Amino acid sequence: MAEVALLEKYLLVGALLFGIGLVGFFTRRNTIVMFLSIEMMLQGVSVSLVAWGRYHNDWGGQILVIFILTIAACEAAIALAVVLSLFHKAGSLDIALWQTLREDNQPAFTDPKWPEPRDDDPVWPKLTPAGIEPTADPDEIIHRMHV
Amino acid sequence: MTSETAYLLLPEIILILAGTLIYLGGAFAPGKSAWAALAALVILAAGGALAQQGTTETVQKALVTGTISGPLTIDWFSAAIRYGVLAVGLVFALVGSRWVGEGDQSEFQGSLLMILAGLMLVALSNDLVLVFVGLELISIPTYVMLYLGKGTNLLESGTKYFFLSLLSSALMLYGFSFLYGVAGSTSLIDIRETFANPDADAARLMSFARLALILIFAGLAFRLTAVPFHFYAPDVYQGTSNANAGILAVIPKIAALAAIVRIIYAGMPGLEQIGWQLTLAVALVTMTLGNLLALWQTNVRRMMAYSSIAHAGYMLIGLSVGFAAAGGAVVAEGLDGVGATLFYLLVYAAATAGVFAALTYLSGERRIVSTLDDLAGLSSSHPKTSAALALFMFSLAGLPPLAGFWGKFTLFTGALSVDARNPESGNLWPWFVALALVGVINAAISGAYYLRLIGVMYFRSGDAAPEGQGGAGAALATALCALAVIGIGAYPGPLVEAGKKASRAARDVSPEMLAGDRVPANQTAVVKPLPGLQKAEF
């Protein structure tokens, strides 16, 4: 029965990865993050395939996983080209910039919560130095440069 | 892989090798129409190799009983799809012979050959791995193809297709993982045996099988453009070129239907009830939504996208009838739901490929024909092309002497005959009568927008006639499609019979198939146990 309990745990991890990826794909607007979400879904699939393969004591699941990984690599190559050309054209990775193709009578999606551009440079907080500054040993500095 | 398997894969090997060579050659000689001629010749050569195989004794026996060779299934279903795919591919190679883009000709033709090889692999496959690889061999060259050429919206439409296609692949693979989990094998014939005679272990896991069916159907519904996975189609078709839109409207649908027949219809016996309920509900919504939204469109490609969504709904009618019949419902003698769907697929492919071939032919360097206004007054400037377009529109609307009528006729009579003569157990009858009624009403609605396009061509005068610089290839492709539409309309009988034969071959299991060179499902001892992990405590 240890095997069934283990299968359940691995399937749960696979389902979580798949679900998080699915939610990420639908909620994120950065093209790279969207692609990574899909990769996460594929990893969820792979985890459950390997778990099922172990449960049935069969190699088929792992073979399918190897094919999934190979093809995901091909897709990553295309995704890189797609993201680059989108960025060259729009200057941003936001997918919401691409909505010229839609029904004629539908208004374009505009983000109600788009942050206002700020004129002044934000002032970042700084840590105040504390304690005594240690004296540097010249031999140690030379030694560190050669490590 | 035995040498026999390699021999059976010869047409696909020819296509992939030639595609690679065309990709490579395109780097040195980005020529124009020469690559299209080469691709057309390669497709004919692959067809010749296929026909040559058909004369050998092994394949002839396989066409009668069906046989398994490693990961391949050789039967009537795969043979019918392979010949059909090569015919469609020849049309698109001709369509793309000009105006693909500056120097992109070789990439287009190379991608097309790869797509055809992937499609043939899906139809042949007897293994989940091969189905997945085949589907991706269709998708990945399609992504490349969508970015070729010049156009203001190419990037946007290509990106939409790319991301949503990846999502659908992930959904389908998750379904595969549960299917594999229930059956314990990636071989489709072993999966079918497990579902037909489940042991205690498989019976306990059967609730996962329903999840697998729904996930696989969802992933494939994207390729079929069935609601609710249809929403990408209008945007993508509108933004891309006419030739690409034609390829997207035809080829993924063939792949999705072949995969549904192989995996769900034939591979998962015992789940017919959920199968017919799911396809019936999706068919109702898909055809209604597609037809209603097409009424408002002014862009021809967008209108054809909604039309292709509606036709996906009609195809699902036949699948639903097929599932119901497999689940024990009584269907009239001589009617076969899945066979009707396969016949309808051919009819739809001929008319739709013809429309996009004609639009490609009418386009020119200055203007790509896109809106209905571009077609105004076409009957006086291009009488032959407008006659062909009118023919395709009549066929898509389903008017009697043409191919589209016979397609809809076989689908609707199939739906009406479910449990019609079986009053005691005729509990499915009302559902399928309602399905056929909605189908007929939809066919009437679709007439409105198809006839509107014909009206624009014949009864309105336009400012500037389209240039008509698509080249001889596109004109030839249009003529071939028009001939097919008329020819199938005149002699539908042999092709309807071929569709029935193919669907029966996909469903039936003969002893020869079970005796093929595969590891029998009950002989797990042949597979070596995973070393070190056997019966270990975790």
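Chain A is the first sequence line, chain B the second, and so forth, proteins listed ahead of strands; every chain is numbered from 1. If you're wondering where the values come from, they're calculated on a predicted model, not measured in any experiment.
A distance of 12.5 Å separates CG in B/L173 from CZ in A/F67, rounded to the nearest 0.5 Å. One finds the CG atom of B/L171 at 5.0 Å from the CE atom of A/M41 (value rounded to the nearest 0.5 Å). A distance of 11.0 Å separates OH in B/Y143 from SG in A/C74, rounded to the nearest 0.5 Å. Put simply, OG on B/S177 and CG on A/L11 are 7.5 Å apart, with the number rounded to the nearest 0.5 Å. Summarising the geometry, atom OH belonging to A/Y55 is positioned 5.0 Å from atom CG belonging to B/L205; distances are rounded to the nearest 0.5 Å.
Within the 6.0 Å centre-distance limit, the rings of A/W52 and B/F208 are counted as a close aromatic pair.
Crowding of B/R452 atom CZ: a count of heavy atoms from other residues, nucleotides or ligands under 6.0 Å exceeding 12.
Each of A/V65, A/I68, A/I95, A/L97 has some count of heavy-atom pairs under 4.5 Å with chain B, and the biggest count is that of A/I68. Note: B/L167 leads B/T186, B/L167, B/V182, B/V236 in heavy-atom pairs under 4.5 Å with chain A. Chain A forms the most heavy-atom pairs under 4.5 Å with one residue out of B/V144, B/L128, B/T152, B/D201, and that residue is B/D201. If you tally non-hydrogen atom pairs under 4.5 Å between each of A/N105, A/V45, A/L22 and chain B, the highest count goes to A/V45.
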Test log, rule side-chain contact (heavy atoms from CB on, under 4.5 Å), inputs A/M34 and B/F163: CA-CA 8 Å; A/M34 283 169 75; B/F163 277 108; 4.1 Å; yes
Pair A/L42-B/L166, side-chain contact (heavy atoms from CB on, under 4.5 Å): steps then yes or no: CA-CA 10 Å; A/L42 289 180; B/L166 287 183; over 6 Å; no
Stepwise side-chain contact (heavy atoms from CB on, under 4.5 Å) check, A/L49 with B/F176: CA-CA 9 Å; A/L49 272 172; B/F176 280 8; 5.7 Å; no
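Of the atoms belonging to A/A51, not a single heavy atom falls under 4.5 Å from chain B. Using a 4.5 Å cut-off between heavy atoms, B/Y232 does not touch chain A at all. Neither the backbone nor the side chain of B/N299 comes within contact range of chain A, judged by heavy atoms closer than 4.5 Å. In this structure, the portions of B/Y174 lying under 4.5 Å from any heavy atom of chain A include both its backbone and its side chain. With a 4.5 Å cut-off on non-hydrogen atoms, A/T31 touches chain B through its backbone and its side chain both. Interface residue B/S157: backbone and side-chain heavy atoms are both found under 4.5 Å from chain A. For A/A15, the parts sitting under 4.5 Å from any heavy atom of chain B are the backbone and the side chain alike.
Listed for the B/Y180 side chain is a donor-acceptor partner under 3.5 Å among the backbone atoms of A/G61. Distance alone, capped at 3.5 Å, places no donor-acceptor pair between the B/E136 side chain and the A/I71 backbone. The main-chain N or O of B/S185 is never found under 3.5 Å from a side-chain atom of A/H56 such that the two would form a donor-acceptor pair. In terms of modelled atom types and a separation under 3.5 Å, the side chain of A/E75 and the main chain of B/I140 share no donor-acceptor contact.
For the residue pair B/E156 / A/Q99, no side-chain donor-acceptor distance below 3.5 Å is found, with atom types taken as modelled.
Using a 4.5 Å heavy-atom cutoff, the side chains of A/W98 and B/T159 are not in contact. A/V82 has its side chain within reach of B/Y147: a pair of non-hydrogen atoms, C-beta onward, lies under 4.5 Å apart.
Annotation for B/R302 and A/E103: closest pair NH2-OE2, 3.0 Å, computed over non-hydrogen atoms. Shortest non-hydrogen contact noted between B/K160 and A/L101 is NZ-O, 3.1 Å.
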